[in-house]
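Read the structure below first, then the notes.
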Amino acid sequence: MIELKQVTKKFDDQTILDAISTRIPKGTAFGLIGSNGAGKSTILRLISGVYQTDGGEVLLDGKPIYDIPDQKRRVFFVSDETTQFHSFTIKKLADYYKHFYPRFSYELLETMLKSITLPQHKPLSTFSKGMKRQAITMLGVAARPEYLLLDEAFDGLDPSMRKLIRQILIDRMVEDEMTVIVSTHNLAEINELCDSAALIHDSKIVFSCALDDIRSNLHKLQLGWSTKAPEYSREQFEALGIEILRFEKQHSIYHLVARGEEDQLREKLAPMNPTIFDLIPLTLEEIFIYELEVLGYGCYKFDTEA
Amino acid sequence: MAATNSTQKLKSPFLTNLHLELRQNLLFAILISILHFTGLPLILHAAKEIAILDQREMPVPEEEYLLSQSLMIFGALSLIITLGLIIVLSVKSFSYVCSKARTDMIYSLPMSHAQRFFSTYLSGVMLWLPAAILSAILSMNLYQQIHFEYDVAYESTLFILIPLIELWIYTMIIFCVNACGKLHAAAITCGVLAFLFPILLFMAHYFVLEMQSGRFYENIYYLMICISGPPIYFVESLFGSTSYIDMLDIGSLFLSAAFNTLLYLGGAYLLHRKRKAEYAGSAFPFRGFYGFIQFVLAGFVSAIYIIVILDSLRKLSDCIPYFLMAILLAMLTLIIFDFIGDHHLRNMKKRISRYVIFTSAATAAVSAFLFTGGFGLPKWIPSADHIQAVSMDYGNIEIPVTDPRIQEALSEAHKKEIALNQTLLTQEVLEAYVVNLDYKPKQLEVIYQSGTNTAIYYITPEDSISQDLLNAIRQSEAYADTYCSTLEQILSSNCYIRNAFSYDHYFPAPSQEDIDRILAAYRKDLTQNHHLNQYNWSPVYGLSANTRKGHLEIEIPYSCIHTVTALEEIFDRSIVIPDEIYMVDAEYCGKYNTVHDILNEAEEHGPSADWKPLTVRQLKELMPYLMCYDYFDTSRTLPFETSRTLLFVLPEYLRTSDAQIFALTREGEKLLETMLS
């Protein structure tokens, strides 16, 4: 299990991560989502031992990682940059990594490469961005680490290739109990691959839990009344103990994005006696947008008076 | 699954990285190794070939030189390329710290900082150092072959410094790369550390200590190498008044350069360890180091400016505008430096306050050092009670004074006279020293060591120290021991026989028994003849042993009669000792006005009737009655004050420099008359 305890990271005077804590259970697929510059890649670099914390601890099964080769050997980090590999061929990179990762499997690499048909003897500088990503991800998988960290790994990949890589990752998770931690803006990937995720914004973790919990805890509600619609304000709903992320009224229908389980919401709204009570599940993307909207991210308001 | 069967055997990360780095740079290694052997050894081989051609009696056509000259050019190019490749290798090994992407890749590998740093460093060293050492050994051998007629074993050990200098360059660049986050910032830092820093130290040494005291401070020189590294050799030889490297102890040079290399290595490791991955891309991530570089730059510019205008600064009130100018110049340099390093100048307010602090501090430090004359170091007078050791330097031979009576006498002199006369080293002497590089003040240099400090006094014997004390020093056993040890060194060196590159015949080296015998005779001469000690630097003739003629070269004054006898017997008269020695009785040289006239006449027309030939045997008989009159002063008017004055000149060297004047005692006069009759 990976554990981040009150981790703080600063670049010069700027705080990138501010005393964040989370746990990533072994054998799961964990997604890191967040706004640009939120600190997702920083978390991956902290877990892989590239960065040192300025406060708090990053623990791998209870032991620190930074500057400890035996711990680092259990983690493979696929960075979002690929320029560093330009002069290498896949074969050379495989030769290179096999010296550091004792469980590295050529057979596995070859099996994977057959399915994606990447040239093994050409330098990576001749590859497209997507091909480079595929190659490095395949090498990371072939290293068979306990923890595979993928930073923007699905960027630049076509849909078929995404699907293929996702399948490969799922296979390894099943066969090797590999833990995959993915940082991406592509929430569909998180949705399809991950068991749990953390949303990071403004140096803090907004939430970190299982995706099912995230989905079941945030709903879009459409409320209507058969008679003339009563005039309810946002505060009146909140007075019922409902945490509202978005409030909107169109004609006689109220559109709410509210936090809470379905049963709880029904129970809390019962006194208002709505004749229409539609509970629409949210996609991860919608959850991302609404959660960050609450924090003031991505809002664009016109000053109508001006 | 098949994948699970291919688990590798785990090697230590250090060895893994070492192996990978070596493998990646194998071509580099081969190229550098070849170039090491086509560099200096080729130059020396070509020099040897040219030396052989030079020695031919027949005129050699120019074409025959052409190949050797071409080889020399090729060798020089190889040397330059070798150095370039070492620089490239050192940058390449650690350049990943300047790239965010590569830092991610390398830092995420299962290695600790220490394993990563030392394996990468060592791999680079292993790629070229063995070839460099072998090349240096080969060069030493070739150098000895070229200078076969001299004992150059000691000098040739200087070649060992070359691999050390290469190692220093390699380590220093690695230090700079690790201290910076951009390659061009690292390049500027290298320039500052490799050139400006040594020049700044050199200026401190040369313009303050050496100019004020007229002395080269060996210990400070070694300290400067310890601090700044070997480039100070080149700075000294380029800008200094003389090349000191010949005068210095090669072992100490080696140790101080090795110390500086270790200092850089330790510093590079500490920086690497403290270095955060996010520093990649930031020109100067270590603020302390950045401050040091700024200080050196500002100090350098201030020092240059202040030294240039130093002569016009006499009063402190005149200095203020110049100081302000120095500060402004230094500040401008720092702005340019920042702009080159960072490509932009953010936080100008903060930067300007830094510039003001650094430039003012640097200018103040440089000015304080220059105007106080190195904080009074050259004028420091140790307490006589705390003197730990005393040595004398007379004619470039350092003589440790162990005789407690002499030490006591010197301490007394120090208390009473020397301390007062320390300023005897006048401006005229200094100027003469600077203008004429060959000039050495003919003074006795007394060095006092008190703890870690050393004070040096130049004493003009007649003026500042009593004749009795001087005689006591000259007649001391310590003095004789020093000469004996010098002779022993010459005799034991065997340089005149062990040489394959030779056209001449050589005599066998003396056995240890023979050496002991010569030394015993020499000691006897030294202790019996006080005049010899005094005038040792003006022998009647040396035991001419030019190796080109196949003879042993040892300079021993003719008056060392016991030594000469021993040498003659041991070498079976193989040593050139003339059968006849000409003598002129100065008392009866009425037609000449000065000694110079006599010698001029002899040099131009050969010995006249006034010159009387003496056999060696006769001279030996006369020896006990001869008193060395003085070192040759050709302007002396004849006749001299002494009753009988004789002038001896070798037949084959009828030159003024090979004559010497002796006074003859009354007994000697009688003997001489008998001989001549």
Side-chain angles (χ1 to χ4, degrees), chain A residues 9-12 16 41-42 44-45 47-52 54 65-88 92-93 95-111 136 141-142 144-145 149 151 171-172 175-176, chain B residues 1-25 92 95-117 119 181 272-287 346-347 350:
Chain A
K9 182 68 192 168
K10 291 178 180 175
F11 291 162
D12 294 325
I16 303 298
S41 301
T42 304
L44 293 184
R45 286 185 173 88
I47 296 172
S48 60
V50 174
Y51 286 170
Q52 187 179 19
D54 291 316
I65 300 169
Y66 187 74
D67 213 28
I68 302 173
D70 286 344
Q71 289 285 82
K72 288 172 86 175
R73 193 171 289 118
R74 299 167 66 191
V75 180
F76 191 101
F77 174 48
V78 177
S79 157
D80 56 340
E81 300 262 4
T82 50
T83 50
Q84 66 270 37
F85 306 113
H86 273 183
S87 56
F88 287 92
K92 270 189 184 175
L93 267 176
D95 278 349
Y96 187 78
Y97 280 126
K98 75 156 189 195
H99 286 96
F100 291 105
Y101 295 93
R103 292 181 359 127
F104 192 96
S105 166
Y106 274 119
E107 296 90 334
L108 180 59
L109 181 67
E110 274 174 27
T111 312
I136 304 305
V141 172
R144 297 172 62 223
L149 315 182
D151 194 5
D171 285 350
R172 296 325 311 158
E175 286 192 31
D176 273 353
Chain B
M1 180 171 169
T4 52
N5 299 330
S6 59
T7 302
Q8 310 290 319
K9 194 186 169 189
L10 184 64
K11 265 202 293 187
S12 111
F14 176 85
L15 291 177
T16 302
N17 198 43
L18 183 70
H19 164 74
L20 287 171
E21 291 282 336
L22 285 173
R23 208 174 63 173
Q24 276 177 22
N25 293 310
K92 186 175 172 278
S95 61
Y96 63 84
V97 299
C98 297
S99 152
K100 190 170 171 287
R102 289 184 63 209
T103 301
D104 275 354
M105 178 188 175
I106 304 289
Y107 274 45
S108 67
L109 291 172
M111 269 186 291
S112 68
H113 280 75
Q115 288 164 343
R116 183 170 53 238
F117 177 82
S119 57
H272 189 80
R273 198 179 167 78
K274 284 208 166 268
R275 196 184 167 87
K276 294 178 176 178
E278 58 265 32
Y279 287 168
S282 159
F284 295 100
F286 296 99
R287 285 185 184 174
R346 284 174 299 190
N347 303 328
K350 206 173 166 185

Approximate separation, where rounding is to 0.5 Å, of [X] [atom1] and [Y] [atom2]:
X        : Y        : atom1 : atom2 : value
B/Gln24  : A/Tyr96  : CD    : OH    : 6.0 Å
A/Gln52  : B/Arg275 : CD    : CZ    : 13.5 Å
A/Lys9   : B/Lys276 : NZ    : NZ    : 5.0 Å
B/Ser108 : A/Tyr51  : OG    : OH    : 12.0 Å
A/Arg45  : B/Lys100 : CZ    : NZ    : 4.0 Å
A/Tyr66  : B/His113 : OH    : NE2   : 3.5 Å

Part of A/Ile16 lying under 4.5 Å from any heavy atom of chain B: neither
Side chain from CB out, backbone as N, CA, C, O: work out which of these in A/Phe76 comes under 4.5 Å of a heavy atom of chain B, or both, or neither.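 Neither part.
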Minimum-distance pair of heavy atoms, taken over all atoms of [X] and [Y]:
X        : Y        : value
B/Ser112 : A/Pro69  : N-CG, 3.5 Å
B/Glu278 : A/Lys10  : OE2-O, 4.2 Å
A/Tyr97  : B/Leu109 : CE2-CD2, 3.7 Å
A/Val50  : B/Tyr107 : O-CD2, 3.8 Å

Taking the side chain as every heavy atom from C-beta outward, state whether A/Ile136 and B/Met105 have any pair of such atoms under 4.5 Å apart.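 Answer no - side chains too far apart.
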Counting C-beta onward and ignoring hydrogens, is there a side-chain heavy-atom pair between A/Asp67 and B/Arg273 closer than 4.5 Å? yes
Below 4.5 Å from any heavy atom of chain A, which atoms of B/Leu20 appear? Answer side chain, backbone, both or neither. side chain
